[in-house]
Amino acid sequence: MISAANSEPRFQPDGVINAYVEGWELVLVLSDASMPSGIRLRRIPAEHSCLVKISEVPELLRSMLRESTAVRGLREEGEWLRIRWRDSFDCRKYCKLLVEKSITTYDGFLDPILRFMADNQAKVAARRLCYFDLESDSRVPFSRLHDARILSWALVCSDGSEIVEVLSDDTEAAERELLRSLWNRLDKHDQVAAWNGDKFDFPLLKARSEHHAISMPWKRWLWLDHLELFRKMNAHAAESGAEKQSFSLGAIAKAVLGESKGDVDGSKTWQTWAAGGAERERLADYNLRDAQLMKKLEDKTGYVALLGSIAEVCGSFPDSRGMMASVQVENLLQRLAVQRGFRFETPIAAHKVKGAEDSYRGAYVMEPAERGIVKNVHVADFSSLYPTIIRTWNMSPETKTRRSRSEREIDSSVRHGSKPWPFDGECISPITGVVFKMQPQGMLSGAVAEMMRLRKESNDRKARSVPGTAEWQEAARKSDAYKIAANSCYGAIGMTTFRHHDVEVAESVSQAAVWLIRQTIEAADKRGLHAIYCDTDSVFVSGCTREEFADFVAWCNAELYPRLLRLLGCEPGLINLAYEKAFERIVFVQKKRYCGRYSHYKGTAATSESKPEVKGLEYKRGDSIRLARQLQEEAVDLLVGQEHGGNEDPEIFKRLLERWRERVLVQPLELADVVVVKGLNKPINSYAKRIKKDGMEARQLPHIEVAKILTERGREITEGSRIGYVIIDGSTNPQTVIPAEDWSGKVDRSAAWESLVAPPTIRVLEAAFPAIDWKPFEIVRTKEQKSKARKAARANQESAPVLFESGQYSRSKEKNDAEAD
DNA sequence: AACTTTGGCCTCTGCT
DNA sequence: AGCAGAGGCCAA
């Protein structure tokens with residue numbers, strides 16, 4: 001097949017709403033006001049190509065390429081020859097073949113969508129968003145989701161208009177009509193957000209539409225799972241563990257908007273529909289309300305808009321797939337490379353499998369150096385440390401030259417004030433010894449630099465705009481998007497499956513941080529300051545005044561870092577330490593676990609309103625039980641709270657523990673007090689099954705066992721589901737637990753206190769008052785009682801080998817159990 | 001599509 | 001009692 005250069009005109013649209021591959025074609029979704037649906041689908045050949053340097057291709061090979069049926073076209077682009085292969089298989093096959101002939105190929109195996117977007121520097125266009133929710137036949141178990149008839153759907157548009165439609169009859173024809181009407185409406189939208197859509201609404205809609213042979217270009221829409229988006233974006237925003245226990249739309253709406261959800265039982269939608277009349281209306285209202293809640297949630301959080309901005313910044317699409325950092329960064333790098341005329345070598349190596357081989361060293365975390373209640377602790381941290389490191393060393397896979405010098409050699413040189421790596425135009429990363437060229441700018445480093453530059457532009461624009469206006473909001477969102485894109489670059493480069501993965505680069509980033517922090521700590525010690533804790537990019541220092549600490553930070557920036565960085569061959573200026581805050585008192589429980597009372601934050605003095613800073617403690621964890629969180633919250637408040645804190649008399653805390661022990665062991669408890677909630681991070685069947693010595697399968701962890709029970713009951717249990725359970729007998733081995741939905745008042749109060757409620761607070765108190773023995777407060781049952789209980793449990797098991805209790809408990813039994821405790 | 005990273009603490013299970 | 005492995009969630 002012969003194809004002249006540039007025989008196919010390149011198409012450069014203003015903006016692309018979405019793009020997808022269909023067979024041989026790449027379909028572009030473009031805005032077009034003249035069409036009834038407001039869009040136009042433009043089909044062009046999907047490009048599976050690679051590039052080679054013309055100088056490396058002998059004329060003979062070139063004519064062979066021209067004749068080959070595997071080649072759809074050849075095009076000269078400056079010093080490059082672009083070879084368009086028939087399909088992705090040919091591209092893969094011949095790239096490998098060319099490599100064997102010592103001809104390097106570039107940009108091979110690229111997804112045609114990504115290729116198009118980057119090659120044309122195509123803008124990501126504005127899309128028409130709607131919020132979508134389905135109700136389906138609740139009688140059909142989740143495992144047979146595809147057979148569940150759709151009872152109603154609701155659509156809320158970003159302009160506030162809304163519509164809900166309900167199945168008229170329990171017939172195929174009626175459902176077909178319902179779906180037809182839905183697709184008619186969806187035609188006016190490009191981006192569809194649904195809560196848990198990836199696991200429920202989208203597959204169900206697809207399956208039911210296929211069932212009715214309704215054909216639609218499914219991939220033309222941007223399907224977006226609003227729940228997953230919220231989970232991702234909100235991961236760092238949640239304050240207490242209480243907010244992390246459920247990701248149901250109702251729970252999130254309540255936490256974020258303070259609104260409660262409708263009153264239809266999700267497991268009774270069929271009955272509600274079948275009752276007809278007002279009940280059916282109620283189902284419609286309930287359905288619509290969920291879609292409305294999503295819009296309200298977005299109006300409050302702006303996460304969908306932020307994803308849109310990220311897409312615009314990276315050249316990815318704002319759907320569920322586009323939430324992935326790897327997709328965002330790959331698009332960003334490719335786009336930048338095209339801008340700069342750079343071509344990445346085709347990653348020929350077989351697809352890498354995630355393994356221990358490619359793991360690398362990460363951040364430095366210091367063991368807290370002081371116990372007890374520590375007073376006047378100052379904290380400084382590096383601003384955007386990893387991005388600034390990438391830029392300072394010009395780190396990128398292609399700027400990396402060689403590995404030289406050991407950690408010890410580098411340190412020894414630096415200590416003597418001499419350069420560990422003497423060549424001009426190159427810099428060396430400490431610890432890893434990897435050398436990078438300073439010119440030209442690397443793609444990774446360039447991407448980070450560009451994102452930070454554009455972020456500054458956005459921030460400037462924001463500063464010039466009137467707060468709260470659309471322009472101001474847009475600028476703020478763009479700023480966030482650039483920050484996220486810049487920060488994702490490090491994570492992506494460390495991913496073994498990432499196209500541009502480079503473990504040496506990733507490790508050089510984290511280890512440069514380790515080295516800088518260690519140098520900082522050493523310098524602090526020399527000045528008589530005492531570094532007592534450090535994690536990744538921050539140092540906690542005690543034993544100095546505010547002024548002394550500010551002086552130290554200023555000296556680091558003005559003298560220490562410039563000197564060190566120049567010795568390593570880097571241009572200083574970006575690495576910057578900032579005095580962030582000070583604690584009037586702080587208690588370190590462990591690494592990554594502490595609580596403290598601010599004296600100031602960025603210079604602003606704390607007030608009685610200021611909440612204590614709590615890191616890593618059970619109070620912040622969604623998998624601790626509420627009793628544990630509440631007790632710990634009280635203890636932390638008495639210890640480091642602005643209003644009630646500052647207590648240094650252990651007796652106060654002893655009384656607290658006694659009061660709570662009484663509450664846990666004797667007083668009435670409700671389910672929310674004692675339920676343990678854990679997420680399911682894998683499909684239920686992929687959890688490790690261990691075989692015991694006796695040949696039997698070992699019991700899996702409680703939340704997994706409970707998830708299996710719930711699955712058998714036909715409950716909707718998937719990856720990401722949250723599983724609640726209650727320990728009703730902790731003396732058996734293994735523990736006896738029941739699904740939260742079976743709870744009727746029974747709970748092992750002693751076990752709850754001894755293993756879940758008391759320890760988290762006791763650890764805090766042991767840290768604050770190391771001289772006191774807090775263990776006695778934890779123990780409820782004596783050793784004799786425990787062994788007696790164990791024996792009884794064993795005997796019980798032998799006579800009736802029921803490992804798991806489930807189902808409802810009779811009233812009388814529950815009463816007995818409660819009293820027996 | 002199913003895939004940001006490593007460091008770290010903690011609970012549960014089964015074993016010695 | 002202490003260990004190791006599995007697993008979850010959090011800090012950065």
Side-chain angles (χ1 to χ4, degrees), chain A residues 111 198-199 223 225 228 232 235-236 238 241 244-245 319-330 351-354 358-367 381-382 384-386 484-485 487-499 501 503 506-507 509-511 513-514 517 533-538 589-594 613-625 628 676-683 687-694 696-705 718-720 722-723 725 727 730 732-735 737 751 755-756 759-760 763:
Chain A
D111 172 17
D198 285 353
K199 287 188 195 106
W223 303 101
D225 191 328
E228 285 305 324
K232 252 191 160 126
H236 301 292
K244 300 167 187 168
Q245 294 219 325
D319 56 6
S320 289
R321 183 170 179 272
M323 295 193 301
M324 293 196 295
S326 53
V327 170
Q328 294 160 7
V329 177
E330 191 180 349
H351 197 66
K352 280 183 187 144
V353 186
K354 198 172 179 161
D358 252 11
S359 62
Y360 60 91
R361 290 170 293 173
Y364 171 56
V365 187
M366 187 200 260
E367 192 66 49
D381 64 1
F382 289 102
S384 296
L385 183 56
Y386 284 10
I484 289 170
N487 285 334
S488 299
C489 287
Y490 159 73
I493 208 79
M495 269 176 83
T496 50
T497 52
F498 185 59
R499 187 178 170 96
H501 168 63
V503 69
E507 189 169 60
V509 177
S510 67
Q511 296 316 292
V514 169
I517 275 287
Y533 181 64
C534 141
D535 185 351
T536 312
D537 61 355
S538 65
V589 179
Q590 281 284 11
K591 285 179 176 181
K592 296 194 183 277
R593 298 181 151 237
Y594 57 85
E613 181 164 291
V614 179
K615 296 290 183 190
L617 300 186
E618 284 69 12
Y619 165 72
K620 297 206 78 174
R621 295 178 65 96
D623 62 346
S624 55
I625 74 174
V676 181
V677 179
K678 285 188 199 301
L680 214 57
N681 291 340
K682 296 193 276 190
Y687 281 96
K689 288 197 178 100
R690 295 159 74 189
I691 304 296
K692 287 193 291 179
K693 279 269 165 135
D694 63 7
M696 302 286 284
E697 262 186 24
R699 267 278 292 285
Q700 291 177 295
L701 293 171
H703 72 288
I704 303 168
E705 295 289 350
T718 55
E719 220 177 317
R722 304 192 84 71
I723 311 295
Y725 66 89
I727 302 171
T732 59
N733 196 359
Q735 299 175 329
V737 303
S755 63
L756 298 177
R763 284 191 291 267

- [ ] Considering only atom P, compute the distance from B:dC3 to C:dA12 and round it to an integer number of Å.
- [x] 26 Å
May I ask you to evaluate whether [X] reaches the phosphate of [N], defined as a side-chain N or O under 4.0 Å from OP1 or OP2?
X: A:Asn487; N: B:dT4; answer: no
X: A:His703; N: C:dG7; answer: no
X: A:Ser326; N: B:dT4; answer: yes
X: A:Asn681; N: C:dG7; answer: no
X: A:Lys591; N: B:dG8; answer: yes
X: A:Tyr687; N: C:dG8; answer: yes
X: A:Lys682; N: C:dG8; answer: no

Roughly how many Å is it from [atom1] in [X] to [atom2] in [N], rounded to a whole number?
X: A:Tyr360; N: B:dT4; atom1: OH; atom2: P; result: 13 Å
X: A:Lys592; N: B:dG8; atom1: NZ; atom2: P; result: 7 Å
X: A:Tyr364; N: B:dT5; atom1: OH; atom2: P; result: 25 Å
X: A:Arg722; N: C:dC9; atom1: CZ; atom2: C1'; result: 9 Å

Where the side chain of [X] is concerned, which of [options] is the nearest nucleotide?
X: A:Thr536; options: C:dA12, B:dG8, B:dC3; value: C:dA12
X: A:Ala325; options: C:dA6, B:dT4, B:dT5; value: B:dT4
X: A:Met495; options: C:dC9, B:dT6, B:dT4; value: B:dT4

What nucleic acid atoms does [X] come within less than 4.0 Å of, heavy atoms only: base, sugar-phosphate, or nothing?
X: A:Gly622; answer: sugar-phosphate
X: A:Arg499; answer: nothing
X: A:Gly362; answer: sugar-phosphate
X: A:Asp198; answer: base

Open item on the list: When you compare the side chains of A:Thr496 and A:Asp358, does any donor N or O come within less than 3.5 Å of an acceptor on the partner?
Closed with: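 Their side chains do not contain a donor-acceptor pair, so the 3.5 Å distance test is not met.
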TODO: Sugar-phosphate atoms are those with a prime plus P, OP1 and OP2; base atoms are the rest. Using that split, label each nucleotide of nucleotides 11-16 of chain B B, S or - for protein heavy atoms under 4.0 Å, 5' to 3'.
DONE: SBSSSS
Open item on the list: Tell me whether A:Arg321 is salt-bridged to A:Asp319, with the criterion being a basic N under 4.0 Å from an acidic carboxylate O.
Closed with: no
Task: By side-chain contact (heavy atoms from CB on, under 4.5 Å) - contacts of A:Lys689 (at least two apart) - done: A:Glu697, A:Gln700
TODO: Classify the side chain of A:Arg593 and the base of B:dC9 as holding, or not holding, a donor-acceptor pair under 3.5 Å.
DONE: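 Such a pair does not exist between side chain and base.
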